[in-house]
Amino acid sequence: MGELKHCYKCMEEFEENFDVCPNCGYDSSTPNNPMYITPGTLLREKYLCGILLDFNGEGATYTGKDITTGRKIRIREYMPINLCTRVNNRSAISVNYNNLAKYKAFMAEYTELNKSLARIRDNPNIPEVIDMFAENNTTYTIFEHVDGVKMLDYLKENAGELSWDQVSRIFPPLFTTIGILHNAGIIHRAISPDTVYINDKGELKLCGFSVSSVRTVNAGLEYELFKGYAAPEQYSASSNSRQGTWTDVYGISALLYRALTGCMPVDSVSRLKHDDLHEPYILDSRIPSHVSGVIMKGMDLSGKDRIQTITELVTKLFEQPSDDDDTATTDISAAAEIFREEQERARRENEIAAGRPVQRQRPPQRRNPQQRPPQRNPQQRRREPERRRREDMNYRYERVSTADKIKAPIIIGVLFVAILALLGVFIYTAINPVKEAEDPRKKRPTSSSVSDNVIEEDATIDMNNIEMPSLIGRFYEQTAEKWSEYFKLDPVYEYNDSYDIDIIYEQEIEEGTRISQGTVIEVKVSKGKLSAFIPDFEGLSVAQYKLRLEKAGIPKDNYELMEAKNGYGNPDSIVEIKIDDEKVTPGSLYSNKDGKKLIIYYISDKTQSYTTYSYYNYTTTASNNSTTEQQYTYVPVYTTQAQVTEAPATQPPVVTEPPTQAPPPVVTDPPAPPVVTDPPAPPVVDSGVE
């Protein structure tokens, strides 16, 4: 067996001479988005980073493995894509100076959120925070690997919905966890079928934690809201739209609505215009009416009129109305009691961890079924048999009528006859195998079985039941990759003053429309602003000025860099800008739409300015001894030429001592030269430099 390598998707090891993982089918030659960490990168010398799983306005999540323990993990990287970028061919993140303050502020909030999650130890319903560290100019959080599937996929595999009996069994631990998070000051803001996972044991796990600005529209980061599950207050960043525990109450109520009815709730923005959300029991009569009413109260559009806490929600969901209408007492179910006990235990643990004295709360008083209710007079007791004879149509399952008693043996008899019929068909098939082989068409029944119908329904959901999301305000490249498995985007680039470069500002298919998988959707992407002011280049390198141009709103297609043939300055610096061979000054208004390029002249780091010397001479003859004298005069000539070797920074030429070659002869006591009027121009002697 040869050497082993890791699959960057499932993180299992397989032989190095294979390109496709035999465990999950991942092809190691799959290209990687350069905006995110390259698979195979080692963080902190122990965490092996795999493929990108998901990303939003806060950061990205990758598969991973702790190579020291062999444990599978998930790596969360803080990387707000509208504030920073990845350095080419490196793992480091580059932050523009103008965004540095925001970048640090949101990173502090991100760090504090994950520290708070790390303090909630040994909770099986949220991913465990294993480690947190700073590297590559950002912060990483290491979470445990999450087993299981998203609740959305689980519902699709189970006829699209769950019964109230199933919900009341598997959801109480999730309710408890949300209550614990609220006690720790953490509001999730994204409870939905996409952030709740369920494993093979039927245990729920809440994921998808992000800073509040990602879960609120126009709060500083590219937002990510789950349509149908986001509360109305999340669609506005104004001070009037206060968020709190009631925001999560909306999300968990919407999740219950989806799980019980099989239908996604109408999104809160549409409901604000026209609220046509049907109550759950109208869509499915098997849902208890009091549960239906509580869910609708938990999805109230007004935050202050909505159920305020998860404790209140659970109490109302699991309370059983008393038969005696005059008594206000209720019997709390076992699930609600477990929830209260877990809440009390978590509260005590938090107080112990914070060093505060533990204050025990008195448990709720339960009514003894054998004890007579207080304040009941004889007249009320006489009316009691009449009240108990009333039958609530919404709770028929609590009483057994005569008709119900007759139904049971009839159903058993019908089932017995059906079993005999199936047995007869089986025997007939076993006796006549040759006939079936001769006519294969008889093997296919004329009507589809139940399992066949389920498969066809799933295929329809997968291919033709995709709901079109809102793409407005999102970066094109990241959005196209995120939704590539569901539909394709066809970009049309145009200038737009209202949106930054590479931001989608219009989509062909409206949000909420049902589309088929693989549909090609035309989107309009901003090329930048229609016009922009040319920024100043003084003191900037070429790379720095390119960033300045992009920040000003001038895309890279609208300018061209050209090496200056003449000029003085530091290497890698800008010396001049022209349009149509005419010089322009910084601060001038430039039109992106005209199509005229900015020509930016710069000094290359291989350009050197240096000085050469030329000289001429003239000859004079003395009248007394016929002595000849040569007089040399040096003229500096400044030349800028490209050199093979790298040159130092050039400066304006300074006249220094002339070169030592061809020095003038030394003459002792030369006679005074005669005065010549209007002498001929002396010839220029070549200095030897071309």
Side-chain angles (χ1 to χ4, degrees), residues 31-41 43 49-62 75-111 133-141 210-211 213-214 218-224 471 473-484 489 491 493 496 499-505 523 525-529 532 535 537 540-559 561 572 592 600:
N32 174 62
N33 188 333
M35 278 289 292
Y36 299 97
I37 296 179
T38 303
T41 301
L43 299 174
C49 188
I51 65 170
L52 176 70
L53 291 176
D54 197 6
F55 62 89
N56 59 18
E58 175 199 80
T61 304
Y62 309 87
I75 302 173
R76 180 69 174 173
E77 178 187 42
Y78 170 72
M79 187 188 174
I81 55 179
N82 63 335
L83 299 180
C84 63
T85 187
R86 178 94 49 198
V87 179
N88 289 338
N89 301 320
R90 293 178 58 190
S91 299
I93 287 176
S94 174
V95 184
N96 186 280
Y97 177 78
N98 296 328
N99 297 328
L100 187 58
K102 286 184 179 180
Y103 182 85
K104 289 183 176 180
F106 287 125
M107 184 162 64
E109 184 181 352
Y110 167 86
T111 303
F133 57 92
E135 194 172 319
N136 296 328
N137 199 24
T138 186
T139 301
Y140 295 92
T141 307
S210 288
V211 298
S213 296
V214 176
N218 299 328
L221 293 177
E222 182 177 331
Y223 63 88
E224 181 189 45
L471 309 180
R474 297 181 178 271
F475 286 92
Y476 167 72
E477 290 186 0
Q478 287 82 359
T479 304
E481 180 181 357
K482 183 173 183 177
W483 296 99
S484 59
L489 296 183
Y493 290 89
N496 191 295
Y499 292 86
D500 293 333
I501 297 175
D502 292 330
I503 297 295
I504 299 173
Y505 66 89
V523 293
V525 184
S526 174
K527 290 180 65 175
K529 299 178 180 178
F537 55 76
L540 299 180
S541 66
V542 175
Q544 290 172 334
Y545 193 60
K546 289 169 68 177
L547 292 175
R548 183 72 64 86
L549 289 168
E550 183 180 350
K551 189 67 177 177
I554 301 176
K556 59 185 178 181
D557 294 337
N558 286 8
Y559 63 83
L561 296 171
D572 194 33
N592 284 316
I600 302 170

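The figures here come from the full heavy-atom set of this structure, side chains too, leaving out hydrogens, waters and symmetry mates. On a predicted model such as this, the values are computed, not experimentally measured, just so you know. Numbering starts at 1 and runs along the sequence shown.
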Problem - Heavy-atom side-chain proximity of T38 to S91 below 4.5 angstrom - result: no
Problem - Polar side-chain atom of S213 near backbone of A219 as donor-acceptor pair, under 3.5 Å - result: yes
Completion exercise
CG of N496 to NZ of K527, rounded to nearest 0.5 Å, is 12.5 Å
Practice task
Specify the closest pair of heavy atoms between A532 and I554, including all atoms of both residues, with the distance to one decimal.
Solution key: CB-CG1, 3.9 Å
Problem - F106 side chain reached by P80 side chain, heavy atoms, under 4.5 Å - result: no
Exercise for the section: Could you tell me the separation between the OH atom of Y545 and the CG atom of D572, rounded to the nearest 0.5 Å? Expected result: 14.0 Å
Exercise for the section: Work out which heavy atom in V87 is nearest to a heavy atom in I93; give both atom names and the distance. Expected result: CG2-C, 4.4 Å
Handout entry: Flag for Y140-E135: side-chain donor and acceptor within less than 3.5 Å
Key = no
Practice task
Would you name the heavy atoms of F133 and L43 that are closest together and state the gap between them?
Solution key: CZ-CB, 4.0 Å
Practice task
Could you check F537 against R548 for side-chain contact (heavy atoms from CB on, under 4.5 Å), going step by step and ending with a plain yes or no?
Solution key: CA-CA 9 Å; F537 55 76; R548 183 72 64 86; over 6 Å; no
Practice task
For the residue pair T85 and M35, establish whether any side-chain heavy-atom pair is separated by less than 4.5 Å.
Solution key: yes
Handout entry: Expected output: side-chain R474 to main-chain I503 donor-acceptor under 3.5 Å
Key = no
Practice task
Taking N137 for its side chain and A92 for its backbone only, find out whether a donor-acceptor pair lies under 3.5 Å.
Solution key: no
Problem - Non-hydrogen atoms of V214 and L221 that approach each other most closely - result: CG2-CD1, 3.8 Å
Problem - Sidechain-backbone polar pair: N136 side chain, T138 backbone, donor-acceptor under 3.5 Å - result: no
Practice task
Any chance you could lay out the side-chain contact (heavy atoms from CB on, under 4.5 Å) test for V523 and T479, step after step, and finish with the verdict?
Solution key: CA-CA 11 Å; V523 293; T479 304; over 6 Å; no
Exercise for the section: Hey, could you give me the CD1/OH distance between I51 and Y62, rounded to the nearest 0.5 Å? Expected result: 11.5 Å
Practice task
Can you measure from CZ (R86) to CG (N33) and round to the nearest 0.5 angstrom?
Solution key: 9.5 Å
Exercise for the section: Could you check if a side-chain atom of K546 sits within less than 4.5 angstrom of a side-chain atom of Y559, using non-hydrogen atoms only? Expected result: yes
Handout entry: Distance in Å, N592 CG paired with D557 CG, rounded so as to fall on 0.5 Å steps
Key = 10.0 Å
Practice task
Report yes if the side chains of C84 and M79 come closer than 4.5 Å at any heavy-atom pair, otherwise no.
Solution key: yes
Handout entry: Over 12 foreign heavy atoms within 6.0 Å of CG, N89
Key = no
Handout entry: Nearest heavy-atom neighbours spanning I37 and C49
Key = CG2-SG, 3.8 Å
Practice task
Using a cut-off of 6.0 Å, state whether more than 12 heavy atoms not belonging to Y223 lie near its atom OH.
Solution key: no
Handout entry: Student check: side-chain heavy atoms of L471 and L489 closer than 4.5 Å
Key = yes
Practice task
Fit a plane to each ring of Y78 and Y103, take the angle between them on a 0 to 90° scale, and name the class: parallel (under 30°), tilted (30 to 60°) or perpendicular (over 60°).
Solution key: tilted
Completion exercise
CG of L83 to CD of E222, rounded to nearest 0.5 Å, is 10.5 Å
Handout entry: Atom of V211, atom of E58 and distance for their closest heavy-atom approach
Key = N-OE2, 2.8 Å
